[in-house]
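Here is how names work: the chains are called A, B, and so on, in the same order as the sequence lines, proteins then strands, and each is numbered from 1.
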Amino acid sequence: MKWNGPLNKIDKYKYEIPSDYRGEQNNLKMKTSALIYADEKMISSVKNDYAPEQTANMTMLPGIVGKAMAMPDIHWGYGFPIGGVAATDVEHGVLSPGGVGFDINCGVRLLRTNLNVRDFDYNKIHLIIDEMFKNVPSGLGSKAKIRLSLSEIEDVLRLGAHWGVENNYGWDRDIKFLEEEGCLSNADLSTISQKAKHRGASQLGSLGAGNHFLEIQKVAEIFEPEIANKYGIKNIGQIVVMIHTGSRGFGHQVCTDHLRVLDQAVRKYHISLPDRQLACAPVNSIEGINYFNAMACAANFAWCNRQMIVHWVRESFERILKENSEDLEMDIVYDVCHNIAKLEEHIVDGTRRKLYVHRKGATRSFGPGRREIPLEYRDVGQPVLIPGDMGTESYLLAGTKKAEETFGSTCHGAGRVISRNEAVRKWRGEEIVNQLKNKGIYVHPASFKVAAEEAPGSYKDIRNVVDIAHGAGISKKVVRFIPLGVVKG
DNA sequence: ATGTCC
């Protein structure tokens with residue numbers, strides 16, 4: 001599906017679909033224009049996709065505030081494109097599961113260490129990766145190591161990462177360095193189906209599949225030494241661990257359950273939409289509130305999931321290196337979610353307003369001073385974690401004041417350019433693993449199929465994505481990491 | 001992303 005509509009260049013990093021564009025559903029008008037963050041190099045892959053039409057569709061949501069926006073890693077998704085950001089009004093707006101995604105609170109967590117590749121026995125990477133693979137259930141349909149009762153999973157949904165820490169998965173001080181401190185307080189168990197609870201109970205503490213991973217990385221470049229230092233990143237060669245996973249089958253079930261309800265709500269509240277996948281409900285309707293409070297349960301599940309995985313990552317390092325993880329200073333740098341809707345305050349046309357901000361494949365990028373940022377980082381902006389593909393590089397960025405123009409949002413990762421099916425036809429998993437081995441990256445995939453699907457050539461150039469986010473000023477480059485070892489789900 | 005159609 002190629003985009004043939006207007007895409008006007010605004011500046012070096014922004015393109016606009018003007019509000020007089022009439023989309024496929026030409027009886028509906030855009031309420032505002034749509035803004036896509038891209039440069040000349042990126043724009044061809046943006047146009048070669050259904051995503052611009054989806055970005056235009058976002059502008060037709062009732063109660064949208066400001067422009068509909070898409071980050072540079074934009075690509076086709078359910079309803080919203082992945083990379084989509086839209087804010088809606090707290091009185092007249094809507095909440096849409098298609099603006100959050102199926103993997104609610106899919107996110108990234110970064111652990112630092114005091115280890116450096118310089119004085120590190122390189123084949124230890126191999127051993128730690130294999131140990132992590134053993135200790136963290138991964139792959140399609142991966143099941144939890146522990147069996148939770150229904151009342152325990154309910155505690156998880158209420159408490160998020162706090163449940164993990166209270167049950168000896170991690171340290172008390174971990175909590176402070178998680179977005180929302182790892183728990184949304186509006187979680188409402190009455191909005192969760194038994195089916196979702198059962199799926200959740202069997203999967204808590206698992207990595208999942210696809211682009212979910214555990215990576216051991218080294219610091220390759222430090223752009224902002226002072227900010228990096230605040231985040232605990234001090235030296236070239238310093239070893240860190242990046243974790244990327246979400247709410248597994250639980251979030252998927254929550255999204256599915258509530259999409260069914262909101263599909264009906266669209267008719268009930270006489271909402272006109274250009275695409276059924278944008279199913280939504282007024283923010284103050286029972287259906288809208290229930291979705292928002294169910295989404296919080298799934299977000300809490302994901303934070304607890306990442307918390308348990310952090311614990312097993314620390315244990316894996318301890319077993320191989322025979323050192324205590326506290327002595328290795330394996331503290332959390334930060335944890336971000338990139339599939340979520342949040343009630344936040346933003347300045348709109350000079351006025352402070354509360355808004356529901358949908359971020360779907362987009363990361364919060366709050367600049368200096370925001371109360372939501374832990375005190376330790378508040379004067380430099382929040383850490384923003386951007387994973388690349390398994391053969392290239394990943395980034396630690398800092399949130400900026402300028403990101404207020406995107407309601408405090410930036411990109412979330414590389415973004416696919418080749419579908420999974422196409423990738424499997426194009427590459428052999430064994431060869432991909434070998435090629436990466438020759439580059440000094442040890443990959444332990446759950447299957448060779450996933451290794452082919454996740455081949456670096458399936459993704460956009462992460463450097464191009466990050467350079468656009470940096471160039472546009474909606475986040476700034478702090479550290480670049482290179483992978484040394486990968487567990488792929 | 002997802003027990004990739006209960």
Original post:
How many Å lie between CG on A:Asp257 and P on B:dT2, as a whole number?
Top reply: 17 Å
**OP:** With sequence neighbours excluded, give me every side-chain hydrogen bond (donor to acceptor under 3.5 Å, both in side chains) pair touching residues 54-70 of chain A.
**Re:** A:Glu16-A:Lys67
**OP:** Rounded off to whole Å, could you give me the CG-to-C1' distance for the A:Leu259 and B:dC5 pair?
**Re:** 16 Å
Original post:
Residues from residues 72-80 of chain A sitting under 4.0 Å of DNA chain B, heavy atoms only?
Top reply: none
**OP:** Could you check how far CZ of A:Phe102 sits from P of B:dT2, rounded to whole Å?
**Re:** 12 Å
Original post:
Atom NE2 of A:His258 to atom P of B:dT2: distance rounded to whole Å?
Top reply: 19 Å
Original post:
Is A:Arg416 positioned over the aromatic face of A:Tyr459, cation under 6.0 angstrom from the ring centre and no more than 45 degrees off axis?
Top reply: yes
Original post:
For the pair made of NE2 in A:His198 and C1' in B:dT2, what is the distance, rounded to whole Å?
Top reply: 19 Å
Identify every side-chain donor-acceptor pair in residues 382-393 of chain A under 3.5 Å, counting partners at least two apart or on other chains, and give the distances.
from: A:Gln382; atom 1: OE1; to: A:Arg364; atom 2: NE; distance (Å): 2.7
from: A:Gln382; atom 1: OE1; to: A:Arg364; atom 2: NH2; distance (Å): 3.4
from: A:Gln382; atom 1: OE1; to: A:Phe366; atom 2: N; distance (Å): 3.1
from: A:Gln382; atom 1: NE2; to: A:Arg364; atom 2: O; distance (Å): 3.1
from: A:Asp389; atom 1: OD1; to: A:Gly391; atom 2: N; distance (Å): 2.9
from: A:Asp389; atom 1: OD1; to: A:Thr392; atom 2: N; distance (Å): 3.2
from: A:Asp389; atom 1: OD1; to: A:Thr392; atom 2: OG1; distance (Å): 2.6
from: A:Asp389; atom 1: OD2; to: A:Thr392; atom 2: OG1; distance (Å): 2.8
from: A:Glu393; atom 1: OE1; to: A:Arg463; atom 2: NH2; distance (Å): 2.9
from: A:Glu393; atom 1: OE1; to: A:Arg480; atom 2: NH1; distance (Å): 2.9
from: A:Glu393; atom 1: OE2; to: A:Tyr395; atom 2: OH; distance (Å): 2.7
from: A:Glu393; atom 1: OE2; to: A:Arg463; atom 2: NE; distance (Å): 2.9
from: A:Glu393; atom 1: OE2; to: A:Arg463; atom 2: NH2; distance (Å): 3.3

**OP:** Specify the separation, in whole Å, of atom CG of A:Leu207 and atom C1' of B:dT2.
**Re:** 14 Å
Original post:
In chain order, what residues pass the ring-ring contact (aromatic ring centres under 6.0 Å, His included) check against A:Trp427, with sequence neighbours excluded?
Top reply: none
Original post:
What nucleic acid atoms does A:Gly208 come within less than 4.0 Å of, heavy atoms only: base, sugar-phosphate, or nothing?
Top reply: sugar-phosphate
**OP:** Could you name each residue pair satisfying side-chain hydrogen bond (donor to acceptor under 3.5 Å, both in side chains) that touches residues 136-145 of chain A, not counting sequence neighbours?
**Re:** A:Ser142-A:Arg248
Original post:
When you check the phosphate oxygens OP1 and OP2 of B:dT4, does a side-chain N or O of A:Arg420 lie under 4.0 Å from one of them?
Top reply: no
**OP:** Grab the CD-P distance between A:Gln253 and B:dT2 for me, whole Å please.
**Re:** 13 Å
Original post:
Base, sugar-phosphate, or nothing for A:Glu453, non-hydrogen atoms under 4.0 angstrom?
Top reply: nothing
Just distance, no hydrogens or angles: give the donor-acceptor pairs under 3.5 Å from side chains in residues 69-82 of chain A, sequence neighbours left out.
from: A:Asp73; atom 1: OD2; to: A:His412; atom 2: N; distance (Å): 2.8
from: A:Asp73; atom 1: OD2; to: A:His412; atom 2: ND1; distance (Å): 2.5
from: A:Asp73; atom 1: OD2; to: A:Gly413; atom 2: N; distance (Å): 2.9

Subject >> Spacing of A:Asn421 atom CG relative to B:dT2 atom P, expressed in whole Å >> reply: 16 Å
Original post:
Under 3.5 Å, is there a donor-acceptor pair between the A:Ser190 and A:Asp188 side chains?
Top reply: yes
